[in-house]
2 protein chains.
Amino acid sequence: MNDGLPPQMGQSLLFLTDEQLRKGIEAMFFAYRGFTADPDRILAQKSYGRAHHRAIHFIHRSPGTTVNNLLSILGVTKQSLNRVLRSLIEDGLVASTVGQRDKRERHLHLTAAGEALERELSDAQRDRMRAAYRAAGPAAVAGFRQVLEAMMDEETRHHYETIRDKPE
Amino acid sequence: MNDGLPPQMGQSLLFLTDEQLRKGIEAMFFAYRGFTADPDRILAQKSYGRAHHRAIHFIHRSPGTTVNNLLSILGVTKQSLNRVLRSLIEDGLVASTVGQRDKRERHLHLTAAGEALERELSDAQRDRMRAAYRAAGPAAVAGFRQVLEAMMDEETRHHYETIRDKPE
DNA sequence: TTGGAATGTCAACAAAGCTGACGTATTGTA
DNA sequence: TACAATACGTCAGCTTTGTTGACATTCCAA
């Protein structure tokens with residue numbers, strides 16, 4: 001609603017019209033397909049899914065993380081994550097070790113095979129992202145990140161910032 | 001790989017480092033959760049899912065569209081879409097009418113109830129998008145859209161552009 | 001030392017994607 | 001005018017990935 005040309009609105013606010021917002025929403029929807037397309041192809045060959053990719057990604061980023069911590073980052077239930085972790089552990093991509101300080105906890109690491117798959121997946125995803133970044137240029141990239149960060153929930157943004165600023 | 005400070009790389013390409021790309025990838029992942037969060041809450045109350053939202057959105061945008069056309073926009077199989085459409089038609093949110101020129105086709109429209117749900121969903125999603133746009137500013141928004149468009153597959157981008165430029 | 005909180009696992013179910021096969025109506029063409 | 005192709009719907013069955021509920025183990029604090 002309310003998308004007639006607004007007479008009182010200065011040029012500076014035209015980017016907030018419902019039409020502009022709709023374009024952003026549709027761009028987000030269609031772009032997310034491209035974002036996941038390349039990893040999805042690789043995963044399908046190995047009969048894994050996106051959930052496996054997400055687990056692998058964040059275990060790679062935070063080696064030794066606990067199941068509980070991974071849970072809150074991924075925003076799924078522990079039962080859902082458990083199924084994925086179990087298959088990754090059975091297949092020798094993830095190692096789960098009982099905590100020393102607290103034996104209830106399991107600390108998660110990627111094995112060599114797990115690191116290899118992580119690299120394959122993130123290489124594919126980065127290639128597309130790199131092409132998009134290159135096509136759009138550095139100023140566009142800065143804006144891209146700004147809008148995405150402003151779109152996150154409060155709690156999610158906290159997870160994002162924590163991981164974002166961790167050294168590789 | 002290759003993320004040490006690159007001596008031969010001018011300042012102008014620093015936005016293409018693997019670390020910058022990783023941040024973009026993670027931002028995309030976390031932001032998409034926020035992007036869908038508000039509609040998801042509304043849909044859950046009515047025991048619908050994201051698939052219903054997508055169908056409603058694009059039928060709203062292209063009233064009278066055929067099943068086949070919707071299929072190619074959404075990028076799913078007809079069996080998958082059919083399950084969703086059937087429930088929407090049964091619940092009186094979508095009307096399906098036999099084509100006049102080609103009687104094999106079904107033309108899809110939202111009913112008044114369908115339009116009402118569409119408005120509720122898109123209002124919620126636009127509110128968040130508007131807040132993000134406002135926080136980031138017009139230049140950032142332009143960059144946001146540029147990167148997203150560059151991230152799409154060729155075919156997907158065609159769908160996007162076709163719908164994007166259609167009057168509301 | 002014992003009972004509650006926290007961590008993680010197993011079982012069962014639901015949403016939404018997929019393939020394959022098939023039926024029906026309609027269209028277009030050889 | 002036959003016949004192949006198209007558009008749509010449906011049935012059956014499978015996979016992935018989310019959910020709740022129940023339960024075992026471990027830790028910590030009253």
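If you're wondering where the values come from, they're calculated on a predicted model, not measured in any experiment.
In terms of position on DNA chain D, the residue among B:Thr66 and A:Gly49 whose nearest nucleotide sits closer to the 5' end is B:Thr66.
No hydrogens or angles were tested; on distance alone, nothing pairs the side chain of B:Arg106 with the base of D:dG9 as donor and acceptor under 3.5 Å. Checked by distance alone, B:Gln79 brings no side-chain donor or acceptor within 3.5 Å of a matching partner on the base of D:dG13.
Summarising the geometry, the separation between CG on B:Leu81 and P on D:dT10 is reported as 12 Å, rounded to the nearest angstrom. If you take CD of B:Gln100 and P of D:dA7, they are 18 Å apart, rounded to a whole angstrom. Between the CG atom of A:Asn82 and the P atom of C:dA12 there is a distance of 16 Å, rounded to whole Å. Here D:dT17 presents its P atom at 12 Å from NE2 of A:His53, a figure rounded to the nearest Å. Put simply, CZ on A:Arg50 is 14 Å from C1' on C:dC18, counting in whole angstrom units. Atom P of nucleotide C:dA15 and atom OH of B:Tyr48 are separated by 12 Å, given to the nearest angstrom. At whole-Å resolution of the value, CG in B:Asp40 and P in D:dG18 are 12 Å apart. In this entry the distance linking CG of A:Leu88 with P of C:dG8 reads 16 Å, nearest Å.
Minimum atom distance to the side chain of A:Val76 is reached by D:dG18, of the listed D:dC8, D:dT25, D:dG18. The side chain of B:Lys103 has C:dT27 as its nearest neighbour among D:dG18, C:dA16, C:dT27. When distances run from any side-chain atom of B:Val84 to the nucleotides C:dC10, D:dT17, C:dG17, the shortest one goes to C:dG17. Listed candidates were D:dC11, C:dG17, D:dA7. Nearest to the side chain of B:Arg104 is D:dA7. Side chain of B:Ser80, nearest nucleotide from D:dT26, C:dA16, D:dT17: C:dA16.
Ring pair B:Phe58/A:Phe29: centre-to-centre distance below 6.0 Å.
In this structure, B:Arg83 reaches the bases: a heavy-atom distance under 4.0 Å links it to at least one base atom across the strands shown. A:Lys78 comes within contact range of at least one nucleobase, with a heavy-atom separation under 4.0 Å. Nucleic acid contact class of B:His52 (heavy atoms, under 4.0 Å, all strands): sugar-phosphate only.
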Just do the side chain to side chain donor-acceptor pair (under 3.5 Å) check on B:His60 and B:Glu115 with the steps written out, would you?
CA-CA 7 Å; B:His60 169 77; B:Glu115 290 290 352; 2.9 Å; yes
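OP1 or OP2 of D:dA7 has at least one side-chain nitrogen or oxygen of B:Asn68 nearer than 4.0 Å.
Each of B:His107, B:Lys103, B:Arg104, B:Glu105 was scored for a side-chain contact (heavy atoms from CB on, under 4.5 Å) with B:Val98, with one residue passing: B:Lys103.
Applying the 6.0 Å contact sphere to CD of B:Glu155 captures no more than 12 heavy atoms from other residues, nucleotides or ligands.
B:Tyr32 and B:Phe35 have tilted rings, their planes meeting at an angle from 30° to 60° on a 0 to 90° scale.
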